[in-house]
Amino acid sequence: MVGFVMKKDNSEGLYCCLPVAYKLQIGPDMLISGFLQPIPDITPTIPSMEETSLIDPTVTPYESNIIFFYKTWDPYGAFSNFSPHPIQMTDERGDYLSWPSVEHYYQAHKFIGVNDPVARKCVGDIRSAKSPEEAARIGRTMQRQCPDLVRSDWESVKIDVMYKGLKCKFSIYPHLNSMLLSTAGSILVEASPHDLFWGGGRDGEGLNYLGRLLMQLRSEFLDDDSSSTSTSNM
């Protein structure tokens with residue numbers, strides 16, 4: 001197993017993580033695990049292993065490394081929704097609102113648009129929560145105790161909500177964008193042992209949607225960089 005160290009790029013003044021542990025080689029057994037199992041056809045399209053290889057040729061089914069992330073203090077902890085990176089997103093009226101983290105943004109959107117004063121108060125409480133952990137606690141508790149307050153289309157839009165929050169986060173912070181691009185060729189897995197939707201699970205039984213969305217964004221950013229380079233050389 002291999003680890004990672006932080007290194008400063010003096011030319012840009014940014015920090016990036018270089019592979020030096022916790023990387024595993026993918027074999028045929030990994031291809032049928034939860035890290036890479038097929039997922040439903042939900043927008044935005046998250047590629048299968050084969051599609052990932054086509055979008056990003058640096059990713060190959062049998063030779064790619066796996067990079068795990070989970071806690072914010074881990075080497076790749078900035079990939080977590082709980083990392084302290086505020087984002088600004090437009091609301092339903094087109095006005096910009098600041099959110100202390102992607103987790104704040106995601107949890108609040110469970111209740112945004114619901115015509116109920118309790119739901120509106122919940123959105124405000126989540127947005128003003130002092131930490132991502134508190135925002136998650138409020139959102140999850142309300143969803144569990146008051147399911148009628150959750151927007152009716154939540155299950156069909158939650159991936160897109162997460163995608164938009166992540167895209168903003170990795171677009172406005174250059175060092176995060178650089179860190180994400182530095183993982184090209186690797187499969188990203190949120191190592192949550194309990195969340196089988198966004199994470200990979202304890203034994204790879206999770207769907208790992210968060211990791212897949214990050215890989216999708218990485219592919220898009222790589223395509224954008226490639227297009228910009230081609231244009232500048234014309």
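Everything quoted here is computed from the prediction, not taken from an experiment.
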Does [X] reach the main-chain N or O of [Y] with its side chain, forming a donor-acceptor pair under 3.5 Å?
X	Y	value
K169	A78	yes
T183	S186	no
S182	M179	yes
E205	G201	no
D116	V118	yes
Y105	P86	no

Ignoring hydrogens, what is the shortest heavy-atom contact between [X] and [Y]? Give both atom names and the distance.
X	Y	value
Y70	D74	N-OD2, 3.6 Å
S192	G199	CB-CA, 4.3 Å
E103	P132	CG-O, 3.8 Å
G139	I126	CA-CD1, 3.9 Å
M89	C168	SD-CB, 3.4 Å
I66	V189	CG2-CG2, 3.6 Å

Quiz item: Does the pair Y106 and N81 meet the rule for a side-chain contact (heavy atoms from CB on, under 4.5 Å), with working shown?
Solution: CA-CA 9 Å; Y106 173 78; N81 295 336; 5.7 Å; no
At what distance, to the nearest 0.5 angstrom, does [atom1] of [X] lie from [atom2] of [Y]?
X	Y	atom1	atom2	result
W198	S80	CH2	OG	12.5 Å
L166	H85	CG	NE2	12.5 Å
M162	L210	CE	CG	6.0 Å

Quick check: do [X] and [Y] have side-chain heavy atoms less than 4.5 Å from each other?
X	Y	answer
R120	N115	yes
H109	W99	yes
E220	K167	yes
E190	N208	yes
R218	F170	no
R151	V157	yes
I187	M215	yes
K121	M142	no

Treating Ile, Leu, Val, Met, Phe, Trp and Tyr as nodes and any side-chain heavy-atom pair under 4.5 angstrom as an edge, say whether [X] and [Y] lie in one connected cluster.
X	Y	value
L188	L196	no
Y209	L217	yes
L181	Y163	yes
I112	V114	no

Quiz item: Does NZ belonging to K164 count more than 12 external heavy atoms closer than 6.0 Å?
Solution: no
Self-check item: NZ or CZ of K158 within 45° of F197 ring axis and under 6.0 Å
Solution: yes
Quiz item: Any idea how F79 and Y76 line up, ring-wise: parallel (<30°), tilted (30 to 60°), or perpendicular (>60°)?
Solution: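 Tilted, since the angle between the ring planes falls between 30° and 60°.
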Self-check item: R137: side chain to side chain donor-acceptor pair (under 3.5 Å) partners, not counting sequence neighbours
Solution: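 Result, side chain to side chain donor-acceptor pair (under 3.5 Å) vs R137: none returned.
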Exercise. Go through the steps to decide whether S131 and F82 satisfy the test side-chain contact (heavy atoms from CB on, under 4.5 Å), and finish with yes or no.
Key: CA-CA 8 Å; S131 68; F82 287 68; over 6 Å; no
Quiz item: Strictly by modelled atom types, are H104 and S101 linked by a side-chain donor-acceptor pair under 3.5 Å?
Solution: yes
